Chemist: 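Below are the structure tokens for one structure; questions will follow.
Bear in mind that the values here come from a model prediction, so they are computed numbers and not experimental data. Computed from heavy atoms alone, side chains included, the values below leave out hydrogens, waters and symmetry copies. We count ligands from 1, going down the list as the structure has it; atoms in each ligand are counted the same way.
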Amino acid sequence: MARRRQIYEGKAKILYEGPEPGTLIQYFKDDATAFNAQKRGTIAGKGVINNRISEHIFTALQQIGVPTHFIRRLNMREQLIRQVEIIPIEIVIRNVAAGSLTKRLGIEEGTQLPRTIIEYYYKDDALGDPMIADEHIACFGWATQDEMNDIADMAIRVNDFLSGMFAAIGIRLIDFKLEFGRVWDGDFARVILADEISPDGCRLWDSKTNQKLDKDRFRQDLGGVEEAYQEVARRLGLLREEDEVAVLDLDSHRKKRGK
Ligand code: TMP
């Protein structure tokens, strides 16, 4: 196969030039990082599972009218997406206190928030993705006010939809991160949902036991990381029991061959 041009390599994904102008191929790696890449590791089969979970969620969101960059899944680790101009803001939506919110404000983990919180972080690894306010976004021109209104509206819709979707399979959506990008139609720019939605960027707790089913298992060395990602995929109906073994086998097989 002809070598494809790599456009960008992130911590968990690689973007390659797509088959047509305006498209890219998004490749999901097994690499995992936490605390701004101070902690690094791999989660066997994560890329395969996140590709499937993200496909499932983006397809469902598209069906309720949330525009996304997703076009179609190509294979186990790759999906075809629309090329966007990424807006350099990470949008975090919180329903229950966890993670940095508990540390910053001293709120106990697991506290149900009386209202959903949306936070913004400036997407800059060198600065450690600092939290920002609307004022910074306007002042530095990272997005227009109209774009931020659209982003907040979409974020709330995504939160409502995903909270219900996960509740139906016994999972609480604690918090999650979204990224958006611009697509141009002549002079007119439109904002669409980009990146991925997977247990890498969501906190997902079992509804009955509050057991963590997401990347916090990796961040906090809780063990059972691969199993947690598989459990989310299995409950979403994306993995049969035979596949769970296959995902792991395939990965150890690849590693042995040095691929
Ligand atoms: P936080 O509590 O560490 O701020 O994270 C909030 C949510 O955002 C959590 O579900 C994990 C996700 N997240 C990312 O996807 N990428 C990041 O770089 C960070 C800091 C958080």
Side-chain angles (χ1 to χ4, degrees), residues 8-13 26 28-41 43 46-47 49-51 53-54 57-58 68-69 86-113 115-133 136 142 151-152 154-156 158-163 165-167 171-181 193-207 210-222 225 228-229 231-232:
Y8 173 83
E9 177 157 11
K11 286 176 282 198
K13 294 189 291 294
Q26 177 163 258
F28 289 76
K29 302 193 277 188
D30 284 350
D31 297 349
T33 62
F35 315 118
N36 201 21
Q38 287 176 63
K39 181 183 171 87
R40 289 172 182 276
I43 302 174
K46 171 171 86 80
I49 289 177
N50 283 358
N51 188 20
I53 293 177
S54 206
I57 292 176
F58 275 61
T68 84
H69 73 163
I86 280 285
I87 293 172
I89 302 168
E90 300 197 348
I91 291 90
V92 169
I93 298 95
R94 300 181 188 272
N95 299 307
V96 176
S100 65
L101 180 77
T102 61
K103 294 201 187 77
R104 192 181 310 113
L105 301 178
I107 298 177
E108 199 190 338
E109 181 181 78
T111 308
Q112 183 75 47
L113 300 172
R115 49 173 285 172
T116 297
I117 296 175
I118 305 189
E119 296 172 346
Y120 304 111
Y121 294 84
Y122 182 48
K123 198 173 148 59
D124 186 320
D125 283 342
L127 298 175
D129 295 346
M131 192 174 175
I132 50 173
H136 301 99
W142 293 321
I151 286 173
M154 284 190 267
I156 293 298
V158 172
N159 184 46
D160 288 346
F161 178 80
L162 290 187
S163 294
M165 187 193 82
F166 281 119
I171 291 175
R172 298 172 71 197
L173 179 61
I174 304 302
D175 59 31
F176 61 102
K177 187 252 317 186
L178 297 176
E179 292 185 30
F180 291 85
L193 185 63
D195 193 45
E196 70 179 296
I197 301 181
S198 73
D200 265 10
C202 301
R203 286 197 173 90
L204 304 168
W205 295 1
D206 180 84
S207 306
N210 279 335
Q211 191 186 32
K212 294 180 169 138
L213 298 172
D214 56 61
K215 202 165 98 176
D216 268 353
R217 300 204 75 83
F218 168 79
R219 292 189 190 98
Q220 300 171 6
D221 296 316
L222 298 176
V225 187
Y229 280 69
E231 178 63 14
V232 174

Chemist: Do ligand 1 and Arg219 have nitrogen or oxygen atoms that lie under 3.5 Å from each other?
Modeler: no
Chemist: For atom 1 (P) of ligand 1, what is the nearest protein heavy atom, given as residue, atom name and distance?
Modeler: Ser100 OG, 3.4 Å
Chemist: Roughly how far, to the nearest 0.5 Å, is CD1 of Ile49 from OG of Ser54?
Modeler: 13.0 Å
Chemist: Just wondering, do Leu222 and Lys212 contact through their side chains at under 4.5 Å, heavy atoms?
Modeler: yes
Chemist: Side chains of Phe161 and Ile57, heavy atoms from C-beta outward: is any pair under 4.5 Å?
Modeler: no
Chemist: Among Glu196, Arg104, Lys177, Glu109, which one puts a heavy atom closest to atom 13 (N) of ligand 1?
Modeler: Lys177
Chemist: Strictly by modelled atom types, are Asp129 and Asn36 linked by a side-chain donor-acceptor pair under 3.5 Å?
Modeler: no
Chemist: At under 4.0 Å between heavy atoms, which part of Lys215 makes contact with ligand 1: side chain, backbone, both or neither?
Modeler: neither
Chemist: Under 4.0 Å from atom 20 (C) of ligand 1, do we find at least one protein heavy atom?
Modeler: no
Chemist: What protein heavy atom sits nearest atom 7 (C) of ligand 1, and how far away is it?
Modeler: Asp175 OD1, 3.6 Å
Chemist: Number the atoms of ligand 1 from 1 as they appear, then name those within less than 4.0 Å of a heavy atom of Phe176, with their elements.
Modeler: 10 (O)
Chemist: Quick one: does atom 9 (C) of ligand 1 have a protein heavy atom under 4.0 Å from it?
Modeler: yes
Chemist: Counting only heavy atoms, which portion of Val92 has something under 4.0 Å from ligand 1: side chain, backbone, both, or neither?
Modeler: side chain
Chemist: Applying salt bridge (charged side-chain N to carboxylate O under 4.0 Å, His left out), name anything that partners Asp195, two or more places apart in sequence or on another chain.
Modeler: Lys13, Lys177
Chemist: How are the rings of Tyr122 and Trp142 set to each other: parallel, tilted or perpendicular (split at 30° and 60°)?
Modeler: parallel
Chemist: Nearest protein heavy atom to atom 3 (O) of ligand 1, by residue and atom, and its distance?
Modeler: Arg203 NH2, 3.7 Å
Chemist: Rounded to the nearest 0.5 Å, what separation is found between the CD atom of Gln26 and the CD atom of Glu196?
Modeler: 6.5 Å
Chemist: Under 6.0 Å from the CD atom of Gln112, do we count more than 12 heavy atoms belonging to anything else shown?
Modeler: yes
Chemist: Looking at Cys202, which atoms of ligand 1 are within less than 4.0 Å of one of its heavy atoms?
Modeler: 10 (O)
Chemist: Is the shortest side-chain heavy-atom distance between Phe176 and Leu204 below 4.5 Å?
Modeler: no
Chemist: Using a 4.0 Å cut-off to any heavy atom of Gly99, which atoms of ligand 1 qualify?
Modeler: 2 (O)
Chemist: Counting heavy atoms only, which part of Glu90 comes closer than 4.0 Å to ligand 1: side chain, backbone, both or neither?
Modeler: side chain
Chemist: Suppose I only count heavy atoms of Gly201 and a 4.0 Å limit; which atoms of ligand 1 are within that range?
Modeler: 10 (O), 12 (C), 15 (O)
